[in-house]
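For reference, the structure is listed below as structure tokens.
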Amino acid sequence: MKYVYLFGEGKADGKADMKNLLGGKGANLAEMNILGIPVPPGFTLTTEVCTEYYKSNQSFPGELAQEVKQSLSKVELIMGTKFGDKDNPLLLSVRSGARQSMPGMMETVLNVGLTSDTIPGLIKKTNNPRFVYDAYRRLITMYSDVVMEKAAGIEPPEGEGIRQKIEHHLSSYKLKNNLKSDTDLDEADWINVIEIFKNEIKSSLGSEFPDDAEAQLWGGVEAVFKSWNGARAISYRKIENIPEEWGTAVNVQTMVFGNTGEESATGVAFTRNPATGDNKFFGEWLTNAQGEDVVAGLRTPNPLNEDTKTEDTNHLPSLEDTMPKIYNELFDIKNRLEKHYSDMQDIEFTIQEGKLWMLQTRVGKRNGVAAIKMAVDMFNENMINKETAIMRVNPHQLDELLHPALDRDSENSATKLTKGLPAGPGGAKGRVVFTADDAEEWNNRGEKVILVREETSPEDVHGMHAAEAILTARGGMTSHAALVARGWGKCCIVGCNELNISLEKRQLTVGNEVVKEGDWITMNGTLGVVYLDQLKLIPADPDRNNEYKELMSWADEIRKLKIRTNAESPEDAKQAIKFGAEGIGLCRTEHMFFDETRILAMRKMILSDNDEDRREAVMGLLPFQKEDFKETLKAMEGKPVTIRLLDPPLHEFITLNNKQIDKLAEKIGIKKSIVSQRIASLHELNPMLGHRGCRLGIAYPVITEMQTRAILEATAELVKDGLNILPEIMIPLVGTVTEYINQENIVRNIASKVESKYDITLNYLVGTMIELPRACLTADEIAEHAEFFSFGTNDLTQTTFGFSRDDIGSFLPEYLERKILPEDPFQSLDVNGVGKLVTMAVKYGRGKNENLKIGICGEHGGDPSSILFCKENNLDYVSCSPFRVPIARLAAAHAELN
Ligand code: PEP
Ligand code: MG
């Protein structure tokens, strides 16, 4: 087995596609060499060394030392210098490099090889003692921290690490000697400081700083391998799902210096602008500096070229202007790299005494807007094909275009208040209010508000609508607060367990932090993070983005899955059509009762204790329902509209306080005590498993009759007006075929009455939601009757796991933290469990009825990885909230290309 891969002088043992073995950095350094791009020579110790190292109780393979020695002597030959030599010493950098970039998570040691032997030689050679001592103190700082402390397993108390101590000494020295910045220290100063550093290392860590080049090299190499299992790297791997067994490679490379004087410089650049996607070479550089100076922000870096100067940077010198020849060389390299990799590159370079060296190239990270622009531009520039362009944009990145987003810089410097489940994406800011009425009232006064509730109920809907965003202490991703908010494209965070809300004091607390009514907060609904104060927001308008429109049209050409939307109002339907929806997959009729008159009639119906009153109350709803359906069906002309019969968890409509009961009693003309008594009698211990779904329609057939009549009369009237209306009546929460047959009979019976009343043949379907395990297990029986299935994966997840969808917030964070679950199953379909039921139901269903139309309308319908699953299971469509339609369109194209 070969453990060490050499690169230098236009040759390399490795190449770009060997990332698994050489890590991203090593593979690309090799590739740049092959391309004839100037790269300081060096060698890569493979990821297999790392794996072996951990396998053999932290010891290196026997052959490694010999291979390193051989590679090192080849590097020495190329450079004409010698590692550890007292006249002409070679200095090395030792850096990590995993398969997937893990920025800042592992360690680096620079300037390896500086010792009391080599320092005089280097001073003589460079004629620059200040530079040499500056390099030496940097080595001491990094080495003591990375090798002598971290890799040695020393865990000092917070703030008392060797690096902090050393940096503290440097600050005190500067203060005492009246020196402002590091550049004010001369040779003698650095010699003094180095002495102090060394003493501190000895007294804190108990050993001398090593004065032997070889020892420094192996210390550095081992420390970088050890940093693969450092705390930062481990937690980053967890978040990014990077397997532990991958290991890191280590790159040992000739040091080049950007800090030897005014002829030297260093910089980082992107081949295109990573924030806008503009095809403009974009970067930052500094003269007389090392890479860390650019990144650390101690000195303000300069713009790379004239083209990308802004008002703020106009007065600064560009590389283009200062070193035009080098800039042109760099520009040429960036063109070659981008063309070679067919993607935007993130590059690092150093200029040492007028010579340009490339230190790194990798695919550059970018935001959503930039990803779309680059993908479309690169297609138009014949760099990539359409399929690649589509795959270049992560569907989640579209979120940025569909919602206002938080400005990253302002978010980075903000104070975090708390964290919850990210139920509605985007950013929002507003003043805190605690009741829906306040939200509405403040909003009417022109205030932007965020409604903060323990949890929300239909009672709060007006306030939710008036608010910029919704924040709740309880609830999960599919709690109704979350559904409603997402449907409106509103920012929403639920299940913030740390929130203590006091309605009396009109304040919320998180630990010691108190936020009073009227105080500003800002929310990142994409991440579920709440911040104190007002942060900057960036507005959204995808239609103004031509590249977005173009990319989406390509996605539509490729995808076969249809995309519908979950919508209950004509406004939502229109919004969804604008976003590309091809029908409605779920109209939750109970959501159409949220307005004041309708909710009253609904409550009257729920609270009726006899059939006669109930019929009267229900029939009172018919004209409203018919009008509402008409509007929505009209908005969706020519497209299928699935309307679900009533499915309210009853508690959502009758959880009322004393004052509200008073008001209700007065309005419906029943004594308060009787209203209270009926509410008490309807109380369910487990309403999510209670009297809802088709159970309601079976107990009170009049509801099914009324709703069917409303849907089909609305249809008949629109058809008579010449419109093509395609309703699909959906029966909820079916667990047995007998339930389905019971409800279907009512629907068909009313349909034939409507047909004779209007003298018309209606074009409609009757089908069911599949949202209970038993429905999946008996899907063959149900499919003998139903014309379509729509998977209600919210309830199917709830009933498969036995997790209450409203209460999962109380334990989910713990589950995710401890990796009991990989992710929230209400957000991303649990393929192994719930998914099996879906696969089974599709097979059973289509086995009995090959024309069975099948879709999904649970929240998973808007989740890209769940959409891939739907495609693999041959569903006909997915349905999601309007603001997720574009994401679903792109995800469906990805699923096709996968
Ligand atoms: C479901 O259960 O997945 C569903 C779409 O219905 P609801 O969320 O309204 O219960
Ligand atoms: Mg359901």
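Remember, it's 1-based here, ligands and their atoms both numbered in the order they're listed.
Close approach to Thr793 involves these atoms of ligand 1, each under 4.0 Å from a residue heavy atom: 3 (O). Near Leu586, meaning under 4.0 Å from one of its heavy atoms, ligand 1 places the atoms 5 (C). The distance from ligand 1 to the heavy atoms of Arg588 drops below 4.0 Å at these ligand atoms: 4 (C), 5 (C), 6 (O), 7 (P), 8 (O), 9 (O). The distance from ligand 1 to the heavy atoms of Glu771 drops below 4.0 Å at these ligand atoms: 1 (C), 2 (O), 4 (C), 6 (O). Near Asp795, the atoms of ligand 1 lying under 4.0 angstrom from a non-hydrogen atom of the residue are 1 (C), 2 (O), 3 (O), 10 (O). Which parts of ligand 1 touch Cys857 is read off a 4.0 Å heavy-atom cut-off, strictly below it: atoms 5 (C). Per-residue contacts place Arg805 under 4.0 angstrom from the following atoms of ligand 1 (heavy atoms of the residue considered): 2 (O), 7 (P), 8 (O), 10 (O).
Contact between Met769 and ligand 1 is present, with at least one heavy atom of the residue lying under 4.0 Å from the ligand. Heavy-atom distances between Arg692 and ligand 1 reach below 4.0 Å in at least one pair. Using a non-hydrogen distance threshold of 4.0 Å, His860 does not register as a contact of ligand 1.
For the pair Ile887 and Pro395, the tightest heavy-atom approach, listed with the atom from each and the gap, is CG1-O, 3.6 Å. The two residues Pro422 and Leu527 have their closest heavy-atom pair at CB-C, 3.8 Å.
Under the 3.5 Å distance criterion, with hydrogens and angles disregarded, no donor-acceptor pair is assigned to the side chains of Glu739 and Asn742. Between the side chains of His462 and Asp437, at least one donor N or O sits under 3.5 Å from an acceptor N or O. In the model, Arg644 has no side-chain atom that pairs as donor or acceptor with a side-chain atom of Ser790 under 3.5 Å.
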Apply ring-ring contact (aromatic ring centres under 6.0 Å, His included) to Phe803 and Phe811, showing your working.
CA-CA 10 Å; Phe803 290 162; Phe811 59 89; 5.2 Å; yes
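With a heavy-atom cut-off of 4.0 Å, Arg644 touches ligand 1 through its side chain alone. Under 4.0 Å from ligand 1, not a single heavy atom of Gln798 appears.
When the Mg ion (ligand 2) is compared with the N/O/S atoms of Asp795, atom OD2 turns out nearest.
Counting heavy atoms only, Asn794 comes closest to atom 3 (O) of ligand 1 of the residues Ile856, Asn794, Thr797.
For the side-chain contact (heavy atoms from CB on, under 4.5 Å) with Leu421, the lone residue among Thr472, Ile493, Val494 that qualifies is Val494.
Among the atoms of Glu771, an N, O or S atom falls under 2.8 Å from the Mg ion (ligand 2).
Between Gly792 and ligand 1, at least one pair of N/O atoms sits closer than 3.5 Å.
No side-chain donor-acceptor contact under 3.5 Å links Arg474 to the backbone of Asp806. Between the side chain of Gln660 and the backbone N or O of Asn657, at least one donor-acceptor pair lies under 3.5 Å. Checked by atom type and distance alone, the side chain of Glu568 never pairs as donor or acceptor with a backbone atom of Thr589 at under 3.5 Å.
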